[in-house]
Amino acid sequence: MSFSDKILRWYAENKRKLPWRSTIDPYKIWLSEVMLQQTRVAQGLPYYEKFVEAYPTVFDLAKASEEEVLKLWQGLGYYSRARNMHQTAKKVAEEFNGNFPNTYAEIVKLKGIGDYTASAIASICFDEQVPVVDGNVYRVLARYFGVDVPINSNQGIKLFKELAHKVMAKENIRDYNQGIMEFGAIQCSPKKPACLVCPLNESCKALEIGMVNKLPVKLKKTKIKVRHFNYLVVLDDFENTILEQRIGKGIWQNLYQFPLVESDNELTQKMLLKSLPDFLHGVKEISLFNEKPIVHKLSHQHLNTKFWIVNIQEIGPDGISISDLKKYPVPVLISDFIESFNF
DNA sequence: AATACGGGGAA
DNA sequence: TTCCCAGTATT
């Protein structure tokens, strides 16, 4: 039995029941694929359910405001995915009359859709014979064929795509593509793969030469940048506070946060007083919410964060009611604070 | 070719 | 702690 036949058989017997497995609606497959980019099924699943309910069709998503979309995306991370999906939904709804492009070549042109997602949509929805290559596929192929070329090198990306193309099941690309990913997630997992009961264990190169836990090879990790955030939780006597939207480049684009003072090092209250923003007048009292900075860890930066409670006389017209705070899309760092602070 | 972009779960 | 997850866009 061939490699792909064994994958297909394993998948038929072991696949999980997931909501996007019972549809070939390109909108829903697209949504699931984008949500699962760099995201575990368990984490993405509740978001998928919420989105399908809020936006059953691409037209519903296109009609929504970006702020509403970001609010539904809150907590899932990589928010450019939500912004790009929203943008592309408008394009599909308005320019394509709601008809999703139906070839890899057309799909991959869309914003927020790269090689992997285009391959997934084209194969699952339109039965196009293109292999998907995600983190699972890299691992399965690297181990089974004993390939030690780094998966994130230019050479590796090209080599694994070609290898994936060579060994795919052309006659059932739909199940094969989902099957090899599921196989990587469940059977050929990153740590402690179940080689003892693996249907491929008699022909797996990595297992033969004792390289299972060395493959796949991946080039260096990014180094972590440390930043110091001071959030000003401004409160007046009328239950108002201030939020600002993050604009420009960097993390959390278009999400909301309290007014931020960023510094090169940790700030004392005395130091903070010197760098208060200009729009604050009539400051009555400042107190520190958390003595020890909260360290919010992203995959590439550590945000050393202090929340300062700033009482002022009266917030101007740009203030918002505390009762409306939960309506805004905010980073997890901010929503955690809002939950823990007794407004 | 390298880096930025979130958050969480498993070992 | 470290790894890495149904990756993509930008530099």
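Proteins come first, then strands; the chains are lettered A, B, ... in the order of their sequence lines, and each starts at number 1.
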Report the residue (A/Pro190 or A/Gly135) whose heavy-atom-nearest nucleotide on DNA chain C is the more 5′ of the two. A/Pro190
Quick one: list whatever passes ring pair (Phe, Tyr, Trp, His ring centres under 6.0 Å) with A/Tyr176, sequence neighbours left out. none
Identify whether any heavy atom of A/Gly44 sits under 4.0 Å from a base atom; if not, whether one sits that close to sugar-phosphate; answer base, sugar-phosphate or nothing. nothing
Closest-nucleotide 5' rank along DNA chain B - winner of A/Leu219 and A/Thr39: A/Leu219
Both A/Gly112 and A/Asp134 contact DNA chain C. Taking the nearest nucleotide for each, which residue is further toward the 5' end? A/Asp134
Are the ring centres of A/Phe341 and A/Phe307 closer than 6.0 Å? no
Can you list, by chain and residue number, the hydrophobic cluster partners of A/Phe279 when the side-chain cut-off is 4.5 Å? A/Leu232, A/Val234, A/Ile242, A/Val261, A/Leu267, A/Met271, A/Leu272, A/Leu273, A/Leu276, A/Leu280, A/Val283, A/Ile286, A/Leu288, A/Trp308, A/Val310, A/Ile312, A/Ile315
Taking side-chain hydrogen bond (donor to acceptor under 3.5 Å, both in side chains) as the test, write out the residues that go with A/Ser335, two or more places apart. none
Spacing between A/Lys225 atom NZ and B/dT3 atom P, to the nearest angstrom: 12 Å
Got a donor-acceptor contact below 3.5 angstrom from the A/Asn304 side chain to the A/Pro293 backbone? no
Does B/dA4 have OP1 or OP2 sitting under 4.0 Å from an N or O in the side chain of A/His300? no
Which nucleotide of DNA chain C is the first, and which the last, in the 5' to 3' direction, to come under 4.0 Å of a heavy atom belonging to chain A? C/dT1 to C/dT11
Would you indicate what A/Asp115 reaches in the nucleic acid, counting non-hydrogen atoms under 4.0 angstrom: base, sugar-phosphate, or nothing? sugar-phosphate
Between A/Arg21 and A/Glu182, is there a side-chain N and carboxylate O pair less than 4.0 Å apart? yes
One thing to verify: whether A/Glu94 and A/Lys90 come together as a salt bridge, which I'm taking to mean a side-chain N less than 4.0 angstrom from a carboxylate O. no
Among A/Lys158, A/Lys109, A/Lys161, which residue satisfies the salt bridge (Lys or Arg N to Asp or Glu O under 4.0 Å) criterion with A/Asp115? A/Lys161
Check each residue of residues 18-38 of chain A for a non-hydrogen atom within less than 4.0 Å of any atom in DNA chain C, then write out the ones that pass by number, or none. A/Trp20, A/Arg21, A/Glu33, A/Leu36, A/Gln37, A/Gln38
Would A/Tyr78 and A/Trp73 count as a close aromatic pair, with their ring centres under 6.0 Å? no
Donor-acceptor pair between A/Lys306 and A/Ser263 side chains, under 3.5 angstrom: no
Sub-3.5 Å donor-acceptor pair from the side chain of A/Arg174 to the main-chain atoms of A/Ile124, do we have one? yes
Separation of B/dC5 atom C1' from A/Leu255 atom CG, nearest Å, is 13 Å
Heavy atoms within less than 4.0 Å of DNA chain B: which residues of residues 71-90 of chain A have one? Give them sorted by number. A/Gly75, A/Leu76, A/Gly77, A/Tyr78, A/Tyr79, A/Arg81
Which residues satisfy the ring pair (Phe, Tyr, Trp, His ring centres under 6.0 Å) test with A/Tyr27, sequence neighbours excluded? none
Taken to the nearest whole Å, NE2/A/His296 to C1'/B/dG6 is 7 Å
Taking atom P in both C/dA6 and B/dA11, compute the distance separating them and give it to the nearest angstrom. 14 Å
Taking only residues two or more places apart in sequence, or in another chain, which ones meet A/Tyr47 in a ring pair (Phe, Tyr, Trp, His ring centres under 6.0 Å)? none
Listing time: all N or O pairs from protein to nucleotides 9-11 of chain B that are below 3.5 Å?
none

Knowing that exactly one of A/Phe160, A/Phe3, A/Phe183 qualifies, which makes a ring pair (Phe, Tyr, Trp, His ring centres under 6.0 Å) with A/Tyr144? A/Phe3
Do A/Gln37 and A/Tyr116 get their side chains close enough for a donor-acceptor pair, meaning under 3.5 Å? no
Gap in Å between the two P atoms, one belonging to C/dT10 and one to B/dG6, rounded: 14 Å
Listed partners of A/Glu49 passing side-chain hydrogen bond (donor to acceptor under 3.5 Å, both in side chains), at least two apart: none
Which part of the nucleic acid does A/Gln301 contact within heavy-atom distance under 4.0 Å: base, sugar-phosphate only, or nothing? sugar-phosphate
Just jot down the ring pair (Phe, Tyr, Trp, His ring centres under 6.0 Å) partners of A/Phe229, sequence neighbours excluded, or say none. A/Tyr231
So if I take residues 146-166 of chain A and measure heavy-atom distances to DNA chain C, which residues fall below 4.0 Å? none
Sticking with atom C1', work out how far B/dC5 lies from C/dC5, rounded to a whole angstrom. 14 Å
